[in-house]
Amino acid sequence: MVVGLFFALLAGLLVSLQNIFNRKVSEQAGTWSTTTLVLGMGFLSSLAMGLILEGNQLFSLPSMQPWYWFSGMVGVGVVFCLVQGMRLLGPTYAISIVLTAQLGFALWSDSIGWLGLVQVPITFTQWFGVLVIVGGVIVFKLGGEWQQKRSISKM
Amino acid sequence: MKGIIFAILGGVFITVQGVANSRISQDIGTWQTATLTQLTGFLTAFLLLLFFRDGKWQAYRRVRPLYLTGGAFAAFIIFSNVTAIQHIGVTMTISALLIAQLSLTFLIDSNGWFGVKKQKMKLPHFIGIGMMILGVLILRA
């Protein structure tokens with residue numbers, strides 16, 4: 001439990017930093033120049049870590065299934081959808097929906113044990129927990145935005 | 001409506017990435033998974049870049065070198081995400097991840113670190129993060 005939580009929190013901190021760095025790049029370069037650079041850097045860092053920790057073992061891929069080769073393209077889908085969503089809805093509204101969909105789909109994945117995950121029966125308590133989290137996301141994103149607008153109009 | 005569909009798909013894809021990575025890791029290892037998916041993602045993005053011709057290579061030079069390395073975090077993000085999903089499941093992983101992500105983003109915004117525009121921390125932000133932590137505690141119960 002503690003190990004899992006530690007790594008989940010660590011991932012969240014790194015995602016936050018990465019988003020800020022990437023935004024700085026995309027302010028100068030276009031969406032696809034930024035995405036190409038970001039994924040290229042991700043490849044180099046993964047390759048380096050893999051070589052340091054596993055050496056040549058990194059290149060032994062005994063039980064590859066065909067879809068593993070295409071799985072990385074999902075990352076490009078993420079960028080495309082996020083950019084389009086934010087363009088059409090504005091960042092605050094779009095990100096609130098993105099985070100909600102992320103959590104909703106996570107709950108669904110656990111409940112059916114998707115792709116060989118350990119199936120977790122979803123109880124009422126868990127639905128309620130996720131609803132409270134989604135409520136928190138919406139208050140954080142939309143509430144913050146609304147307060148900002150109000151204080152601007154007061155000036 | 002189109003925007004909402006894109007936003008929902010974007011969120012779903014982020015979770016799909018995590019689940020797919022932890023599935024692939026079981027077969028070929030975590031660093032192999034990270035290396036492979038980042039490489040195929042990079043090649044796809046590069047093809048799109050050539051197609052849309054928004055390649056402004058000289059633009060990279062106007063960005064502080066530190067910010068160009070943001071993508072390199074991916075190795076550790078994928079490793080952490082996969083390890084967390086294998087230990088505590090997808091829902092709990094994404095929930096904890098979002099709390100850490102939104103909290104740090106807000107800390108950075110409210111202090112104006114990395115040259116971002118300073119934003120004031122308001123009551124809804126505290127209530128929102130409080131509710132998210134409460135939700136995780138309910139999930140654990």
Side-chain angles (χ1 to χ4, degrees), chain A residues 4 7-16 18 21-22 24-25 28-30 32 35-36 38-43 45-47 49-50 61 63 68 71-78 81-82 84-85 88-89 94 97-98 101-102 105-107 109-110 115 129 132-133 136 139-140 143-144 147, chain B residues 3 6-15 17 19-20 23-24 27-28 31 34-35 37-42 44-46 48-49 54 59 62-63 67 70-75 77 80-81 83-84 87-91 93-94 96-97 100-101 104-105 122 124-125 128 131-132 135 138-139:
Chain A
F7 279 108
L9 293 171
L10 179 66
L13 297 179
L14 292 172
V15 168
S16 165
Q18 198 194 42
F21 285 20
N22 293 353
K24 295 270 179 190
V25 179
Q28 303 290 337
W32 296 111
T35 309
T36 305
V38 167
L39 290 168
M41 286 286 175
F43 164 65
S45 68
S46 307
L47 183 71
M49 286 304 293
L61 307 170
S63 33
Y68 295 176
S71 164
M73 292 177 181
V74 176
V76 175
V78 171
C81 291
L82 257 51
Q84 294 299 318
L88 292 163
L89 303 171
I97 296 175
V98 169
Q102 227 177 308
F105 196 72
L107 199 63
S109 305
D110 272 336
L115 290 181
V132 172
I133 298 173
V139 169
F140 184 94
Q147 279 233 338
Chain B
F6 277 123
I8 291 175
L9 272 179
V12 167
F13 283 163
I14 295 176
T15 300
Q17 248 183 329
V19 177
R23 174 71 190 84
I24 301 173
D27 274 357
I28 66 173
W31 298 110
T35 308
T37 53
Q38 295 288 294
L39 175 63
T40 50
F42 164 73
T44 311
F46 185 67
L48 286 169
L49 172 63
D54 82 340
R62 290 199 298 268
V63 185
Y67 299 138
F73 291 130
I77 293 172
S80 303
N81 203 20
T83 310
H87 278 82
I88 56 176
V90 192
T91 310
T93 299
I94 303 273
L97 189 150
Q101 181 189 337
L104 181 61
T105 302
K122 297 258 173 55
H125 298 122
M131 280 173 74
M132 291 172 75
I138 296 172
L139 268 184

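First the proteins, then the strands, lettered A, B, ... as listed; each starts at 1. Note that the structure is a prediction, hence the values are computed from the model and not measured. Scope of the values below: all heavy atoms of this structure, side chains included, with no hydrogens, waters or symmetry mates.
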- Spacing of CD1 belonging to B:I14 relative to CD1 belonging to B:I94, to within rounding of 0.5 Å: 8.0 Å

- Is the backbone N or O of B:T105 less than 3.5 Å from a side-chain atom of A:S16, with the two atoms forming a donor-acceptor pair by type? yes

What residue, out of [options], has the most heavy-atom pairs lying under 4.5 Å from chain B?
{"options": "A:A11, A:G40, A:G42", "value": "A:G42"}
{"options": "A:G77, A:S109, A:G129, A:C81", "value": "A:C81"}
{"options": "A:L82, A:L47, A:T35, A:V15", "value": "A:V15"}
{"options": "A:V78, A:T36, A:V132", "value": "A:T36"}
{"options": "A:V139, A:L10, A:V38", "value": "A:V139"}

[X] versus [Y]: any side-chain heavy-atom pair under 4.5 Å?
{"X": "B:D27", "Y": "A:Y68", "value": "yes"}
{"X": "B:F73", "Y": "A:M41", "value": "no"}
{"X": "B:L139", "Y": "B:T91", "value": "yes"}

Report the option among [options] that has the most heavy-atom pairs separated by less than 4.5 Å from atoms of chain A.
{"options": "B:L97, B:L9, B:T37", "answer": "B:L97"}
{"options": "B:S80, B:G10, B:A96", "answer": "B:S80"}
{"options": "B:L39, B:V63, B:T40", "answer": "B:L39"}
{"options": "B:N81, B:I28, B:T44, B:I77", "answer": "B:I77"}

- Item | Heavy-atom contact with chain B under 4.5 Å, split by part of A:V76 | side chain

- Item | Contact class of A:L89 relative to chain B, heavy atoms under 4.5 angstrom | side chain

- Query: After noting the C-alpha distance and the side-chain angles of A:Q102 and A:V98, does the key distance pass the side chain to side chain contact (heavy atoms under 4.5 Å, CB included) rule?
  - Reply: CA-CA 6 Å; A:Q102 227 177 308; A:V98 169; 4.1 Å; yes

- Task: Work out which heavy atom in A:I97 is nearest to a heavy atom in B:A7; give both atom names and the distance.
- Result: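 Scanning both residues completely, I find the closest heavy atoms to be CG2-CB, 3.6 Å.
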
- Please report the shortest heavy-atom distance between B:I8 and A:A101, naming the atom on each side.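 So the minimum-distance heavy-atom pair works out to O-CB, 3.5 Å.
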
